[in-house]
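These notes concern the structure reproduced below.
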Amino acid sequence: MTFFGNILLDEKLVTTQQLVEALVKQSEELASPIRICLDQKLVAPDRLVDAVLEAAEQHTTLPEMLHRMKLVDSQKAEQITQALKNQRRPIGQILVDQGVELKNLSQLLVRYQKSQEQLPDATGFEFHFPEVHGETKKQYLNFFSSQFKEELERAINQLPSLTGFQLTQDGAHSRQLEDMLHQLTAAAGFARMEVSRHLCERAALLVERINMQQLNWNETIAQTIGRVLISTLDVLWELQRFIEISGSERDFWQNAQSRQNYLKAFKALERHLPS
Amino acid sequence: MSVAFCRYLIDHKNLDPVVFLDAVDQLRRMTPTLPRLMLDHKMLDHETMLKVFAHQAEQKISFEASCKALGVWTDSLESSLADILAESHQSIFHILLERQLISPQDLIAAMDEFLATHAHVQKDESGEAA
């Protein structure tokens, strides 16, 4: 199995020490299985106490003990374990927060995704919005504010008016693109959310390519890419509305129109990202 | 004793199970994780830690189980961990007192009652066994 951390090590973007520190940090931030059981009303509090005490005595995990005590079936126990896993903060986000500079993070993320690529299936989709706190939560809320969307749209709409020469010479435009890239990479980092992960990474990579003059830039290309990025933002915000309502991406995936919008944006981004 | 005594507090001293679970959760957040302890106390080197994490992720097991499976969990390591935890670990009772879920007097009285009942039970059981 290839882990994202291994790729970072292979690419010499992090040291073993930095990666271990990040993994330790991630282990400290794991969600509470007690909270999950209570919030999702999986087990009556009184029986949950029994399981918690028994698990402590027998040095085993709560999901395992709940299953052993027949308080939940194996599917529910797996559901708790999966919820814990899904709520972990992505390792890339922790490394960035630790100050590790990951210039090519977005590119690496895409390569990593491609290595185990599979589009999410509408059935059996069980990604929940991660529990985020503090600075991460602030970033998340800021990102999905209408003000931020308008700013991003304004920046994207300016793309067609920029010539290749301006892109190279104009520091303000370059900074704007870098800001956009930073925000999209950060947004990809929020992900245990499949939609945002796939789309943000690709959008970030596309912006990076524009900034690095890797695209044959002309007005037509700029207009096309502008449209692709705008429709990507629309899908991201559409997803956010679903998450706000149901707390998960499930409903998004079960909505045929949303799914179609996603696939359309995904394919459009792919078309402009030569491998 | 603490596990049985916790149950006793809930069953006999009207300690709300949800409030108790919240306290347990607080204790969990205050207790350093196993990887944190091992890293901070340099019990395993970084390369080994990484192998343990990778094995844990692959096998979907706990960090402790991964250490055991890879043969890095020794008796001396376990004993060192127990010593460190004993020094730094807060008890659930400390949290119950701190959150004023029970007063010190009531806790002591409950403990006396529990010990008395528990001693009776133990004595009866050993009598029956004899």
Side-chain angles (χ1 to χ4, degrees), chain A residues 1-9 14-39 41-65 77-78 81-82 84-85 88 91 131 133, chain B residues 1-11 15-66 68 78 81-82 89 91-92:
Chain A
M1 190 187 289
T2 309
F3 295 109
F4 183 53
N6 289 120
I7 296 178
L8 292 173
L9 279 177
V14 295
T15 62
T16 307
Q17 184 179 347
Q18 286 168 326
L19 183 57
V20 168
E21 286 278 1
L23 288 165
V24 169
K25 181 88 183 135
Q26 192 184 46
S27 79
E28 289 176 311
E29 297 177 352
L30 285 181
S32 156
I34 295 177
R35 219 40 288 151
I36 290 170
C37 290
L38 287 175
D39 291 349
K41 298 185 173 34
L42 294 174
V43 188
D46 200 44
R47 301 311 314 273
L48 187 56
V49 169
D50 290 338
V52 165
L53 294 175
E54 204 61 36
E57 202 155 62
Q58 295 193 25
H59 298 282
T60 188
T61 63
L62 184 58
E64 165 68 21
M65 186 48 70
E78 180 55 31
T81 308
Q82 200 59 37
L84 289 170
K85 197 176 155 196
R88 283 183 317 187
I91 207 71
E131 271 183 26
H133 305 282
Chain B
M1 191 278 277
S2 72
V3 166
F5 183 54
C6 287
R7 189 72 254 181
Y8 181 83
L9 287 176
I10 293 166
D11 292 343
L15 181 60
D16 183 341
V18 175
V19 171
F20 173 75
L21 289 167
D22 272 344
V24 173
D25 202 31
Q26 185 183 340
L27 180 66
R28 185 191 71 91
R29 289 196 302 272
M30 289 164 66
T31 309
T33 61
L34 193 53
R36 170 58 66 200
L37 285 175
M38 287 187 160
L39 180 71
D40 288 355
H41 293 271
K42 298 184 172 49
M43 292 170 157
L44 296 178
D45 60 54
H46 291 128
E47 293 291 342
T48 311
M49 289 279 286
L50 207 53
K51 281 182 195 155
V52 174
F53 274 122
H55 187 72
Q56 180 191 4
E58 269 173 1
Q59 300 300 315
K60 297 179 179 168
I61 52 180
S62 70
F63 190 83
E64 182 179 332
S66 180
K68 286 177 180 164
E78 187 166 346
L81 279 169
H89 187 61
S91 85
I92 186 72

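Both backbone and side-chain heavy atoms feed into the values below; hydrogens, waters and symmetry mates do not. Numbers restart at 1 for each chain; the letters A, B, ... are given by sequence-line order, proteins then strands.
- Using a 4.5 Å cut-off between heavy atoms, B/E47 contacts chain A through both its backbone and its side chain.
- Neither the backbone nor the side chain of B/D45 comes within contact range of chain A; no heavy atoms are under 4.5 Å apart.
- Between the CD atom in B/Q26 and the CD1 atom in A/I34 there is a gap of 11.5 Å [rounded to 0.5 Å].
- Residues B/L21 and A/P45 approach most closely at CD1-O, 3.8 Å, considering heavy atoms.
- B/H46 pairs by the side chain to side chain contact (heavy atoms under 4.5 Å, CB included) definition with A/T16, A/Q17, A/V20, B/L39, not counting sequence neighbours.
- Here the CZ-NZ distance, from B/R36 to A/K25, works out to 7.0 Å after rounding to the nearest 0.5 Å.
- Using a 4.5 Å cut-off between heavy atoms, A/L23 touches chain B through backbone and side chain atoms alike.
- Other residues, nucleotides and ligands place no more than 12 heavy atoms under 6.0 Å from the NZ atom of B/K51.
- By the 4.5 Å heavy-atom criterion applied to side chains, B/L50 and A/L9 are counted as neighbours.
- A distance of 8.0 Å separates OG of A/S27 from CD of B/Q56, quoted to the nearest 0.5 Å.
- Applying the salt bridge (Lys or Arg N to Asp or Glu O under 4.0 Å) rule to B/R28 yields the partners B/D25; only residues at least two apart in sequence or on another chain are considered.
- Heavy atoms closer than 4.5 Å to chain B are found in both the backbone and the side chain of A/V49.
- No other option in A/D50, A/L30, A/L19, A/L38 has as many heavy-atom pairs under 4.5 Å with chain B as A/D50.
- Pairing each heavy atom of B/R7 with each of A/L53, the nearest pair is N-CD1, 4.1 Å.
- Of the listed residues (A/E21, A/E64, A/E28), the one with the most heavy-atom contacts under 4.5 Å to chain B is A/E28.
- Scanning both residues, B/P17 and A/D46, for their nearest heavy atoms gives CG-OD1, 3.8 Å.
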